[in-house]
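What you are looking at is a predicted structure, and each value in this text was computed from that prediction instead of being measured. When a ligand or atom number is given, it counts from 1 through the structure's own listing order.
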Amino acid sequence: MGIVSRGFQGRSRRSDPKLPPGQYLTEDFPVLSAGPTPRVNPDSWEFVVATETGTRHRWTWPELLALPSERPTVDLHCVTKWSKLNTNWQGVSVSTLLADVQTAADYALVHAYGGYTTNLPLEDLLDGQAWIAYRYDGDDLAPEHGGPARLLVPHLYLWKSAKWVRGIQLLLEDEPGFWETAGYHDYGDPWREQRYQGD
Ligand SMILES: Nc1nc2c(c(=O)[nH]1)N[C@H]1C(S)=C(S)[C@@H](COP(=O)(O)O)O[C@H]1N2
Ligand SMILES: [Mo]
């Protein structure tokens, strides 16, 4: 039974319509961090949205938790080629956070505790496509996966989902983040295999 069922699974996995080109499925949840895991105390945690005019909107940890939350089930695609399907999260939609923010910006530079940054078009953070996520699979988000809270933007490669997120800087001009400066794609659509600059 083992050999036959493994062979069958192998074929069905390769043809999984939820798997973008060049990716393979994993059941694990690998940890990929460019540096040490920052320990962020929720008592001093804050999330700041800074607009292009310098206006700052700030949320404390209790204020974040008091906002209406959502429980998205999404697929994760890492540029190192693993994909994990049907992951369960809880968090606040970025649309909710930005609802009362006046801006003419087209771009966002996301900042994390520890110094990591990543950029994306502002519109990719809106319309229910992105969350500030603080629970994973029914538990508080583990520090190595970005706890207390991380950005979750599942329609782009996972490097855009900044762990230990601390704020969003709204910009009139695009500005590359950590991996984008190192040669990774500015946008990072897994379905178009936009891994590196020029892809
Ligand atoms: N702050 C921060 N966020 C980060 C990273 C990082 O090094 N620092 N790595 C990114 C990359 S390359 C990936 S693939 C995912 C990995 O998330 P995980 O460790 O929860 O699997 O986090 C992204 N967010
Ligand atoms: Mo990654």
Side-chain angles (χ1 to χ4, degrees), residues 18-42 44-50 59 61 64 71-92 94 97 108-121 124-125 129-169 175-197 199:
K18 294 179 78 180
L19 197 58
Q23 297 292 109
Y24 67 87
L25 290 180
T26 181
E27 298 294 326
D28 303 335
F29 194 172
V31 172
L32 283 101
S33 304
T37 295
R39 301 286 151 169
V40 186
N41 185 343
S44 53
W45 185 92
E46 62 171 16
F47 187 82
V48 174
V49 173
W59 291 265
W61 187 250
L64 180 81
R71 293 167 185 257
T73 296
V74 299
D75 303 335
L76 308 179
H77 308 297
C78 175
V79 75
T80 63
K81 302 198 168 177
W82 59 267
S83 290
K84 184 172 175 60
L85 304 184
N86 302 314
T87 62
N88 296 307
W89 300 81
Q90 183 179 348
V92 176
V94 177
L97 285 170
L109 185 61
V110 180
H111 294 262
Y113 289 97
Y116 185 86
T117 55
T118 188
N119 62 304
L120 63 175
D124 286 80
L125 290 174
Q129 300 181 88
W131 296 268
I132 305 300
Y134 49 76
R135 288 177 72 81
Y136 171 75
D137 228 5
D139 284 315
D140 290 345
L141 183 57
E144 63 268 27
H145 286 300
R150 78 181 297 169
L151 182 66
L152 180 64
V153 200
H155 70 285
L156 301 176
Y157 280 124
L158 199 57
W159 88 77
K160 301 285 183 180
S161 293
K163 305 196 279 190
W164 317 295
V165 68
R166 72 178 299 172
I168 299 171
Q169 185 182 358
E175 204 177 292
F178 179 82
W179 285 120
E180 295 84 4
T181 304
Y184 283 82
H185 199 275
D186 195 57
Y187 185 62
D189 179 352
W191 294 96
R192 288 185 279 170
E193 256 198 291
Q194 294 173 335
R195 299 178 192 275
Y196 307 105
Q197 271 171 43
D199 283 352

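Side-chain atoms of K163 come within 3.5 Å of backbone atoms of L32 as a donor-acceptor pair (strictly under, hydrogens ignored). The closest donor-acceptor contact from the side chain of R135 to the backbone of Q90 lies at 3.5 Å or more, if one exists at all. Not one N or O on the side chain of S33 forms a donor-acceptor pair closer than 3.5 Å with the backbone of G35.
When hydrogens are left out, the protein atom nearest atom 1 (N) of ligand 1 is K163 O, 3.0 Å; that is the closest non-hydrogen contact. The shortest contact between atom 14 (S) of ligand 1 and any protein heavy atom is with C78 SG, 3.2 Å. Scanning all protein heavy atoms for the shortest distance to atom 24 (N) of ligand 1 gives S161 O, 3.1 Å. Annotation: atom 17 (O) of ligand 1 to nearest protein heavy atom, R150 NH2, 3.1 Å.
Ring geometry for F29 against H145 counts as parallel: the plane angle stays under 30°, on a 0 to 90° scale with 60° as the upper cut.
Close N/O approach between H145 and ligand 1 is found [any backbone or side-chain N/O within under 3.5 Å]. Ligand 1 has no N or O atom lying under 3.5 Å from any N or O atom of W159, backbone or side chain. At least one N or O atom of L32 sits closer than 3.5 Å to an N or O atom of ligand 1. The distance criterion of under 3.5 Å between nitrogen or oxygen atoms is met by A34 with respect to ligand 1. For P30, a nitrogen or oxygen atom sits less than 3.5 Å from a nitrogen or oxygen atom of ligand 1, counting backbone and side chain alike. Every N/O-N/O distance between W82 and ligand 1 stays at or above 3.5 Å.
The two residues G177 and L109 come nearest to each other via the heavy atoms CA-CD1, 4.0 Å. Listed here is the closest heavy atom pair of W159 and R195: CH2-O, 3.7 Å. Nearest heavy atoms, H77 versus P20: CE1-CD, 3.2 Å.
Counting heavy atoms only, L158 comes closest to atom 23 (C) of ligand 1 of the residues V31, L141, T117, L158.
In this structure, the ring of Y157 has its center no less than 6.0 angstrom from the ring center of Y184.
At least one heavy atom of A162 sits less than 4.0 Å from an atom of ligand 1.
Ion pairing between a basic and an acidic side chain is recognised when a charged N comes within 4.0 Å of a carboxylate O; E180 and K160 show such pairing.
Every atom of ligand 1 is numbered from 1 in the order shown, and the set under 4.0 Å from a heavy atom of A112 is 1 (N). Close approach of ligand 1 to W164 is summarised as follows: ligand atoms under 4.0 Å from at least one heavy atom of the residue are 1 (N), 2 (C), 8 (N). In summary, the atoms of ligand 1 found under 4.0 Å from a heavy atom of S33, numbered by their order in the structure, are 7 (O).
Here F29 has side-chain heavy atoms under 4.0 Å from ligand 1, and that is the only part of it that gets that close.
Looking only at side-chain heavy atoms (C-beta outward), D189 and Q194 come within less than 4.5 Å of each other.
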